[in-house]
Amino acid sequence: MNRNDQIRRIERLEVELSARLTQASVTSRRPLAIIMKHKQWLFPGAGLAFGVMLARIPFRNVVTRSISATLLAMRVRRIASRALQRM
């Protein structure tokens with residue numbers, strides 16, 4: 001392959017690369033456009049999905065986990081206040 005053929009090949013590859021980069025930049029904006037278009041349904045849909053997920057967890061487990069988390073938070077607060085008083 002002579003020098004002129006190499007130059008033409010490089011130029012053709014640069015044009016193809018530029019086209020692919022342009023295409024990639026356009027498609028990368030597409031998810032944000034979809035979110036902005038359907039944003040009024042985004043939060044209710046997320047709440048519905050979260051509700052479905054919670055419905056599969058027995059209510060008893062939710063209550064016991066929340067009680068455990070509350071007791072843990074109270075213990076941590078007590079320990080933190082004692083540590084701050086010592087300083």
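Values in this document were obtained by computation on a predicted structure and should not be read as measured data.
- Using modelled atom types, no side-chain atom of S18 and backbone atom of E14 make a donor-acceptor pair closer than 3.5 Å.
- Between Q6 and R9 there is no side-chain heavy-atom pair separated by less than 4.5 Å.
- Rounding to the nearest 0.5 Å gives a distance of 12.0 Å between CG of L84 and CD1 of I79.
- Note that CD1 of I7 is 5.5 Å distant from CG of N4, once rounded to the nearest 0.5 Å.
- Side-chain atoms of T70 and M74, non-hydrogen and from C-beta on, do get closer than 4.5 Å to each other.
- Taking 4.5 Å as the limit, every side-chain heavy atom of I67 sits out of range of all side-chain heavy atoms of T64.
- To the nearest 0.5 angstrom, R8 atom CZ is 7.0 Å from N2 atom CG.
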